[in-house]
Q: 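Structure provided below as structure tokens; questions to follow.
Keep in mind that this is a model prediction, so the values were computed, not measured. What you see below is based on every heavy atom in this structure, not just the backbone, and it leaves out hydrogens, waters and symmetry mates.
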Amino acid sequence: MSGEDEAVLDRPADAAVVEAPAVTGGDHTVVLHEEPPTYALSVEYGDFDALFQDGATVAGRQERMQAIGFYYGAVDGDEGPITRRCARHLREETNHAAGHDLTDEEFAEEFQRRLRCVVRKADGSLEPETDFTAEARLVFPGSFTFRENTQLGDPQTRHRYNAEQRMWDGNRGLSRIPVVAQVRNPAGEPVQGVKVCFEFIPPFDPPEGQKDYLSHISGTSEKTRSPRQYVRRKLPHEAHPPFGFNCLENKGGKIPADVLGHLIAQGAVPGFPYEAGTEGRPNAFSVTLDSDAEGKAGVVLLPSRMGGDCYKLKVHVITDGREPLPAETITGGLLTVWRNLRLCRIVTKPPQAGFAGNPPIAARMTGALGHISIHAMRKEYAKAFHILEADHRAASPLTMTEHSYLEAIRYAKRGVANPLNWNLDVLIKEDFHSPFLVWLETDTAYNANRGAGAALDLTVAATWNTVNALITAVLDRFLQYWNGGALPGLTVIRSEVGDSYSYWNHPNRPTYAGGSSWRATTSGVAVRYRGCLVYYPDAIYNTTMPYNLTTNTMHEMGHTLFLRHQNTSGALGSEAGGFPANHDSEDWCLMGYLRLTTADYCGKCLLKLRGWNEAAI
């Protein structure tokens, strides 16, 4: 070979780089070329189970059930009736989904699969997403519903937000997403001491799931009858790379100037073997860790709990200040936060044909109760980035029998407060064959049969508000019979009408429009114990109501989620009554009573359901 010929010496791809001068001698010139090492990089989600407390403890079980949406109580380590009831319900639902009773080993395996569904397939199905590069949903428990009557109607309806915050603060593993990378050389061997960088990068702008929803924004000052304008106005006006339209920190979200300690856990995390620190970070949106003896490095992500917030992560190897090779970078799929809303059961008291107590009532109240469309409800709650999960007793409504009805009404009467010492056995009739859930005796009949020592005559001792308070308390206890006050989802009870008191001609009851032959009463009520009651057969919704049965159900469910009335005065759209400041003033909301009410929540309600702090919106 001539003196101009060069020979390149091959060496292992991960060998140390050494600069050396050209070596000449004879007819050969040998040059050692400096080349960056190449690595095989893989990224996967870590062990979710390890982030919670010991699974053999009550607190550990509470944390895990809470993470998959089957427990909303405090993580207190107390295996009381609430914890036991939620555990039984989870086992029952798991068995039903499997089609048979699972063994303990099978149930434990299915429980772990559900726990991995915190990172869920992008279509929302109950399947964990294991591919880090695929688009996925981060599904967290949300829409914490009230359990105490005093929480409903507070002028500052922040209880749901505050309750959820306490839930997140009290659960060690909730919403934490472990991500682990591994570095190998071309021979497949782990490489120690390589710097692995985890970096947030801009996602879609706006997020893909919001593009159509936010694309047609009206600039008019008139009623838009759409939540788009309000939501779009409240989202950040300028993109905050790499977090786009995520909820701002002052409204409950997380758009930090530095991700460490905010969106990535800093230091030691119980149950996780890697610690993210401040060393070697290319920018404030990233952290860098050295791979261990197994070639691994990892971080724990701490996303916000706000539905609709989006994240995207890039993982790459940093090699001596050089730009990493293409093979050394893996870009994760878009991660969008969704919230779990569980519908536990729908219980129906069947229509009672031929009710003779009042012919005009029989004519209007007897008839088909109609069908609540869970599909339509799912579409509406998806606007608030909620996955509505219907347990099997909601998907296939449970029908009351005479036996179960009598048990429920007796349970309600036994536990209700009775400060005026009414004779409840006389006042509240135990008769399944009426359109009422709570059938109160007439004034005349009660007064004639109340017995010695019972309360004074209703017309003397009771005002409308006093009787109404009793009815509400009975309905409250009636619903508790069906869900125990502890089931992890909402319970909806359907019947022709709630109580009879509004229909009898009591001197102390208010007068409603429509005359004595038809006295309107409430179409539903939200009470304690995670549930609501919805009344009226189809005939009423088709002729009298401003919205349909499904919309009315979402109205009452809205109350259980701390949403308040919008406008309640006037038949055709008078903007009065209710709590309009709790709503978008440029939109009609299904939380109102008006003829112009639409079949959706207003923009402000949607943001509150997504988790935004109402006090700061």
Side-chain angles (χ1 to χ4, degrees), residues 69-73 80-93 96 145-149 152 341-352 369-372 374 377 388-416 424 428-439 470-499 522-536 549 552-554 556-557 559-561:
F70 275 88
Y71 178 71
Y72 279 88
I82 291 179
T83 302
R84 291 194 298 271
R85 191 173 179 91
C86 289
R88 286 197 301 270
H89 182 71
L90 170 61
R91 186 68 177 255
E92 180 182 296
E93 282 301 309
H96 184 270
T145 58
F146 68 89
R147 295 185 63 240
E148 296 299 329
N149 222 15
L152 189 64
L341 177 60
R342 177 157 250 99
L343 184 61
C344 175
R345 58 179 59 183
I346 298 174
V347 185
T348 300
K349 180 177 181 289
Q352 300 299 315
L369 287 181
H371 173 70
I372 298 173
I374 294 177
M377 293 170 65
L388 177 66
E389 295 186 348
D391 293 341
H392 77 278
R393 284 199 176 94
S396 300
L398 180 66
T399 301
M400 290 184 199
T401 63
E402 183 169 9
H403 174 74
S404 62
Y405 170 79
L406 292 176
E407 279 199 338
I409 200 66
R410 289 165 185 167
Y411 174 88
K413 289 200 298 184
R414 285 196 305 269
V416 73
L424 297 184
I428 301 175
K429 302 172 70 172
E430 297 179 2
D431 192 335
F432 180 63
H433 303 289
S434 85
F436 309 114
L437 272 180
V438 180
W439 189 3
L470 174 67
I471 294 169
T472 300
V474 171
L475 290 173
D476 191 6
R477 289 278 299 177
F478 188 89
L479 189 142
Q480 188 192 18
Y481 170 85
W482 294 98
N483 69 6
L487 288 181
L490 300 176
T491 293
V492 177
I493 293 182
R494 286 280 292 121
S495 68
E496 292 173 281
V497 71
D499 70 274
T522 179
S523 61
V525 62
V527 293
R528 295 188 300 171
Y529 304 117
R530 303 182 56 77
C532 57
L533 304 100
V534 181
Y535 310 136
Y536 296 161
L549 169 60
N552 192 38
T553 303
M554 287 190 290
E556 298 303 336
M557 286 178 62
H559 286 312
T560 70
L561 304 175

Q: Atom CG in Leu549, atom CG in Leu369: separation rounded to 0.5 Å?
A: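 That separation rounds to 8.5 Å.
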Q: Can you check side chain to side chain contact (heavy atoms under 4.5 Å, CB included) on Asp499 and Phe436, steps first, answer last?
A: CA-CA 5 Å; Asp499 70 274; Phe436 309 114; 5.9 Å; no
Q: A cation-pi test, strictly: NZ or CZ of Lys349 under 6.0 Å from the centre of the six-membered ring of Phe432 and no more than 45 degrees from its axis. Yes or no?
A: yes
Q: Heavy atoms only: give me the nearest Tyr71-Cys86 pair and the separation to one decimal.
A: CD1-SG, 3.8 Å
Q: Taking Met400 as the fixed residue, which of Thr348, Leu406, Leu437 is the one that meets the side-chain contact (heavy atoms from CB on, under 4.5 Å) rule?
A: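 With Met400 as partner, Thr348, Leu406, Leu437 yield a single side-chain contact (heavy atoms from CB on, under 4.5 Å), made by Leu437.
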Q: Take Arg393 and His96 through the test side chain to side chain contact (heavy atoms under 4.5 Å, CB included) and record every step on the way to the result.
A: CA-CA 10 Å; Arg393 284 199 176 94; His96 184 270; over 6 Å; no
Q: How long is the span from the CE atom in Met554 to the CG atom in Leu388, to the nearest 0.5 Å?
A: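 If I round to the nearest 0.5 Å, the distance is 10.0 Å.
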Q: Kindly compute the distance separating OG (Ser404) from CH2 (Trp482), expressed to the nearest 0.5 Å.
A: 3.5 Å
Q: For Gly69 versus Pro488, what's the shortest heavy-atom pair and its separation?
A: O-CB, 3.7 Å
Q: So which heavy atom on Gly531 is nearest to which on Leu479, and how close?
A: C-CD1, 3.6 Å
Q: So do the side chains of Val474 and Ile409 get within less than 4.5 Å of each other, counting heavy atoms only?
A: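 Yes, side chains in contact.
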Q: Please report the C-alpha distance between Asn552 and Tyr536 in whole Å, then the side-chain angles of each, then the deciding distance to 0.1 Å, and finally whether the side chain to side chain contact (heavy atoms under 4.5 Å, CB included) criterion is met.
A: CA-CA 10 Å; Asn552 192 38; Tyr536 296 161; 5.8 Å; no
Q: Would you sort out whether Phe478 and Val438 count as a side chain to side chain contact (heavy atoms under 4.5 Å, CB included), showing the intermediate values?
A: CA-CA 9 Å; Phe478 188 89; Val438 180; 5.8 Å; no
Q: Thinking salt bridges, do Asp391 and Arg342 make one under a 4.0 Å N-O criterion?
A: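 Judged by the 4.0 Å cut-off on N to carboxylate O distance, Asp391 and Arg342 do form a salt bridge.
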Q: Could you grab the distance from atom CG of Leu470 to atom CG of Asp476, nearest 0.5 Å is fine?
A: 11.5 Å
Q: What is the ring orientation for His89 with Phe70, classed by angle as parallel under 30°, tilted 30 to 60°, or perpendicular over 60°?
A: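 Ring orientation, 0 to 90° scale: tilted.
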Q: Just so I know, are the side chains of Arg530 and Thr560 near enough to count as touching, which here means a heavy-atom distance under 4.5 Å?
A: no
Q: Measure across Glu556 and Leu533 and return the closest heavy-atom pair with its distance rounded to 0.1 Å.
A: CG-O, 4.0 Å
Q: Determine the minimum heavy-atom distance between Cys532 and Ala526, stating which atoms define it.
A: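 Closest approach of Cys532 to Ala526, heavy atoms only: CB-CA, 4.0 Å.
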Q: Under a 3.5 Å distance rule, please check whether Arg494 uses its side chain to pair with a backbone N or O of Ile372 as donor and acceptor.
A: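 Flag not set: sc Arg494 to bb Ile372 has no pair under 3.5 Å.
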Q: Atom CG in Leu475, atom CD in Gln480: separation rounded to 0.5 Å?
A: 13.0 Å
Q: Enter the distance from Arg410:CZ to Arg477:CZ here, rounded to the nearest 0.5 Å.
A: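 Answer rounded to 0.5 Å: 15.0 Å.
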Q: Of all heavy-atom pairs between Tyr535 and Gly498, which one has the smallest distance, and what is that distance?
A: CZ-CA, 3.3 Å
Q: Going by side-chain contact (heavy atoms from CB on, under 4.5 Å), Thr491 matches just one of Asn483, Leu398, Ile346, Leu343. Which one?
A: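 Among the candidates, only Asn483 passes.
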